[in-house]
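Structure first, commentary second.
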Amino acid sequence: MMFANSQKLILCVTNTSLIAGLWHGTRLQSYTVFKNQDQDHTAFSQYLAQYRNVNIYLIVDAIEEDYKVESLPHTTGGARREIVDRKLNQFNRNSTYRVAHFINRATDKRKDDNFLFIALNNADFMQSWMDVIQAAHAPLVGVYLLPMISQVVVRQMKLMAPNILLCERLSSGLRQTYLHNGRLRMSRLVPMEDIKPNQLAYFYMVEIEKTRLYLLSQRLIAGETALQMVLPAFDSTHDEIAKSISQDQGVECKTVDILSYAKNNNIDQEAVKKYPELLHMQLLANGNVPDNLAPASFTKTHNLNNICRNIYIATACIVAAGILLAGFYLWQGHQQKNQINNMIVQTQQQLQQYETVAQNFPTTPIPSNDLKIAVEIAQTIKNNDQSPRQLMQVLSSAFEASPEIALNRMRWMLSNQIDVKDEDGGQVAAVNPNAQPVATAVSDPTKLMQIGFINAEIKGFTGDYRAALASVSRLVARLRENALVEQVVVLQEPVNVSSLANLQGSTTDEGTTERTPAIFKLKVVLKPTNTANLAGNGVTP
C-alpha cells in the first residue's frame with residue numbers, strides 16, 4: 001500500500017488516443033499508448049487492473065475547449081463560491097467538465113477578481129476512457145487541461161514578454177496558447193493531418209493569423225498589440241519556421257530548446273520527441289497540478305481513499321503514541337522496582353546493623369513495661385509542673401485596684417481537693433463565722449487546682465470598719481470576676497462581727513490607745529488547668 005501511494009498514473013487523452021504513464025515519485029517508469037477503439041478500451045481496463053490503488057491524473061488535450069475571461073466583485077468564502085458557481089452555470093451549464101481559474105485581482109479602484117472560466121464543450125471523445133476508470137473504481141484525482149500546464153513551461157523558461165503566443169507541436173496537432181503576463185487567456189488546437197514538411201511554415205502562418213484575428217474579436221488584444229511567437233523546437237525545422245514567420249508576418253518569433261528543458265525535468269528526450277505530451281505529464285508529476293475540471297462525483301473514490309489514509313495515519317500515530325507511553329511506563333515501573341529493591345536491601349542492612357549493635361547492649365533488670373509506665377508518669381509530672389506565677393498575676397490585677405490593702409502573706413499550693421486548709425495561718429483575726437462550707441472535689445490526679453491563702457490588712461486603719469469591709473468586698477468581687485478563678489472564700493473578716501466578741505478600750509484615751517489592725521484572710525481557688533489549657537489562655541505556667 002505504501003508503494004502504491006508513492007506511484008501515480010498520469011493519463012493524457014486526445015481525440016484519437018490515450019497515453020498512460022506510470023511514475024514512481026517524479027521518475028517515469030513506463031508509458032503505453034492506447035488508440036480510441038474498443039479493443040484498446042479493453043486493454044486499458046486490463047492495464048488499470050494492475051494498478052488498482054494508484055492515484056490517476058487525467059490530462060485532456062481537446063479541440064472543443066471554451067475560455068471566457070470575466071471580472072467579478074471581490075468576495076471571500078461562501079459568497080465567492082456562490083458567485084463563481086452562478087457564473088459557471090451561466091457560461092457552461094451543459095458542460096460536465098468546467099472550472100473557474102483565478103487569474104489575479106484588478107489594480108483599479110474596485111479591485112475586482114479576474115477569473116478565466118474554462119470548460120469542455122464536447123467530452124464524447126473521452127467518455128469511453130472515463131467509463132473504464134469508473135468501472136474499475138480507480139482513484140481519479142482530477143481532470144486537467146493541457147494548456148493550463150503549458151503556462152508552467154513559460155514561467156519556468158522565464159519568458160517575460162507581456163503577450164506570448166506559445167505554438168506547441170503535439171501528437172494531436174498544433175496547440176496555440178495565448179498568455180498575458182504569463183497567465184493563460186485562451187488556447188486553440190488545430191489537427192495536423194496530411195501536412196507535408198514543406199507546407200509547415202505556411203500552415204503555421206495561416207493558423208497563427210486565424211488565432212490573432214480571434215484574439216482581436218474577443219478583445220483579448222488590440223490591433224497594435226505586439227505578439228511574441230514562441231516555438232518549442234525539436235530540430236532545425238522549427239528554426240526555419242520561426243525565421244519564415246518573422247520575415248513574412250513581421251512578428252517577433254523565437255524558438256526555445258524544448259529537449260534541454262525536458263532533460264532538466266528528468267524526462268527522456270527521445271520519448272518527448274515521439275510524444276511531446278509526456279513533457280506536460282512530467283510537469284504534473286513534479287507537482288505542478290492545475291485546477292481540476294472534474295465534478296466531485298468523479299473523484300469520490302480518491303476522496304474516500306484520502307479519508308481512509310488519514311484514518312490509518314491517525315491510528316498509526318495513536319498506536320505509536322500508545323507504544324511510546326507504554327514503554328515509558330514500563331521504564332518508569334522498572335526504575336521504581338529498582339528503587340524499591342534498593343530500599344529493601346538498605347532496610348535489611350540497617351536491621352542487621354541494629355541486631356549487631358543490640359547484641360552488645362547491657363542487660364537491664366527492669367522490665368520494658370515498667371520503663372514505659374515510668375516514662376509516661378514522668379511525662380505527666382512534666383505536663384503538670386506549674387508555678388505560682390498564674391496566681392500571682394490574678395492577685396496583682398486585683399490588688400492594683402485597691403491600694404488601701406496591703407498583702408502580708410501568700411501561700412500557694414496544688415491540690416485536687418478544694419477544702420484543703422492552711423497549715424500556717426500566721427497572725428489573723430477571728431475566724432469568719434459566716435464562711436460558706438465548700439464541697440469536697442472528686443480526686444483526679446490529672447486535674448490539679450491552684451489554691452492560694454492570702455493574709456492582708458487595711459493600711460492606715462482608723463477604726464472605720466464599714467469602709468474596711470467594703471474594701472474587702474470589692475477585692476473579693478474583682479477576684480471572682482477573673483475567668484481563671486474558680487472560687488474565692490473569705491476565711492477571716494477585717495473585724496470580728498460576732499455578737500460574742502468582747503469590747504475593750506476607752507473612748508477617753510482615743511488619741512493614745514493603739515488601734516487593732518484590720519487583718520483579713522482569703523482563700524482563692526483557680527480553675528483546674530493543665531499545660532494545654534494554660535497555653536490556650538495565653539498564660540505562661
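The basis for the numbers below is simple: all heavy atoms, side chains too, and nothing from hydrogens, waters or symmetry mates.
Side-chain atoms of Ser244 do not come within 3.5 Å of backbone N or O of Glu240 as any donor-acceptor pair. With hydrogens and angles ignored, the 3.5 Å screen pairs a side-chain donor or acceptor of Asp40 with a backbone N or O of Lys35. Between the Asn310 side chain and the Asn306 main chain, a donor and an acceptor come within less than 3.5 Å of each other. Between the Arg185 side chain and the Tyr178 main chain, no donor and acceptor come within less than 3.5 Å of each other. Not a single donor-acceptor pair under 3.5 Å links the side chain of Lys263 to the backbone N or O of Gln269. Not a single donor-acceptor pair under 3.5 Å links the side chain of Gln7 to the backbone N or O of Val54. Remark: the backbone N or O of Ala294 is paired with a side-chain donor or acceptor of Asn292 at under 3.5 angstrom. Put simply, the side chain of Gln176 never gets that close to the backbone of Met186: no donor and acceptor are under 3.5 Å apart. Under the 3.5 Å distance criterion, the side-chain polar atoms of Asn36 are matched with a main-chain donor or acceptor of Phe125. Judged purely by atom type and a 3.5 angstrom limit, Gln29 has no side-chain atom pairing as donor or acceptor with the backbone of Leu22.
Pro191 and Ile63 get closest at one heavy-atom pair: CG-CD1, 3.6 Å. Taking all atoms of both residues into account, the shortest heavy-atom contact from Leu116 to Leu184 is CD2-O, 3.3 Å. Nearest approach of Ile258 to Pro232, heavy atoms of both residues: CB-CB, 3.8 Å. Closest heavy-atom contact between Ala242 and Leu231: N-CD2, 4.2 Å. Considering every non-hydrogen atom in both Gln156 and Asn265, the closest pair reads OE1-OD1, 3.9 Å. Pairing each heavy atom of Val141 with each of Thr299, the nearest pair is O-CG2, 3.4 Å.
Side-chain atoms of Ser71 and Asn114 form a donor-acceptor pair, as typed in the model, at a separation below 3.5 Å. When only modelled atom types and interatomic distance are considered, Ser172 and Asp61 share a side-chain donor-acceptor pair under 3.5 Å. Using modelled atom types and a 3.5 Å distance limit, the side chains of Ser171 and Glu277 yield a donor-acceptor pair. A side-chain donor-acceptor contact under 3.5 Å links Asp131 and Gln127.
With values rounded to the nearest 0.5 angstrom, Asn288 atom CG is found 10.0 Å from Gln151 atom CD. Here the CZ atom belonging to Arg155 is positioned 11.5 Å from the CE atom belonging to Met160, to the nearest 0.5 angstrom. Interatomic distance, CG of Asn305 versus OH of Tyr312, reported as 9.0 Å (0.5 Å rounding). Considering CZ of Phe234 and CG of Asp257, their distance stands at 10.0 Å, rounded to 0.5 Å. Residue Tyr97 holds its OH atom at 13.5 Å from CG of Asn121, rounded to the nearest 0.5 Å. Distance check: Leu215 CG to Asn163 CG gives 9.0 Å after rounding to the nearest 0.5 Å.
Put simply, the side chain of Leu58 reaches to within 4.5 Å of the side chain of Met126, judged on heavy atoms. Pro276 has its side chain out of reach of Glu168: every pair of non-hydrogen atoms, C-beta onward, lies at least 4.5 Å apart. Contact annotation: the side chain of Val272 never approaches that of Tyr261 to less than 4.5 Å [non-hydrogen atoms, C-beta and beyond]. Leu120 is not listed as a side-chain neighbour of Ser95, based on a closest heavy-atom distance of 4.5 Å or more. For the pair Leu170 and Leu146, the minimum side-chain heavy-atom distance is below 4.5 Å. For the pair Lys254/Leu159, a side-chain contact is recorded, criterion being any heavy-atom separation below 4.5 Å from C-beta on. A heavy-atom distance below 4.5 Å is not found between the side chains of Val153 and Ile149. Between Leu11 and Phe44, the closest side-chain pair of non-hydrogen atoms falls below 4.5 Å.
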For this session: Apply side chain to side chain contact (heavy atoms under 4.5 Å, CB included) to the pair Tyr67 and Leu220, showing each step before the final yes or no.
Result: CA-CA 11 Å; Tyr67 300 90; Leu220 294 175; over 6 Å; no
For this session: I would like to know whether Ile59 and Ile10 meet side chain to side chain contact (heavy atoms under 4.5 Å, CB included); could you show each step before the answer?
Result: CA-CA 7 Å; Ile59 299 175; Ile10 299 179; 4.1 Å; yes
For this session: Start with the C-alpha gap between Gln346 and Asn342, add the side-chain angles, then the distance that decides, and say whether side-chain hydrogen bond (donor to acceptor under 3.5 Å, both in side chains) holds.
Result: CA-CA 6 Å; Gln346 293 177 4; Asn342 292 335; over 6 Å; no
Problem set entry | Phe91 vs Glu70, side chain to side chain contact (heavy atoms under 4.5 Å, CB included): CA-CA, chis, key distance, verdict | CA-CA 10 Å; Phe91 292 148; Glu70 185 76 13; 3.7 Å; yes
For this session: Could you walk me through whether Leu293 and Val60 pass side chain to side chain contact (heavy atoms under 4.5 Å, CB included), step by step?
Result: CA-CA 10 Å; Leu293 278 74; Val60 179; over 6 Å; no
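For OH of Tyr202, the number of neighbouring non-hydrogen atoms (other residues, nucleotides, ligands) closer than 6.0 Å is 12 at most. Surrounding CZ of Arg169 are at most 12 heavy atoms belonging to other residues, nucleotides or ligands under 6.0 Å away. Around the CZ atom of Arg52, the shell of radius 6.0 Å holds no more than 12 heavy atoms that belong to other residues, nucleotides or ligands.
Using bins of under 30°, 30° to 60° and over 60° for the plane-to-plane angle, the ring pair Phe117/Phe115 lands in the tilted bin.
For the pair Arg110 and Asp112, the salt-bridge criterion is met [side-chain N within less than 4.0 Å of a carboxylate O].
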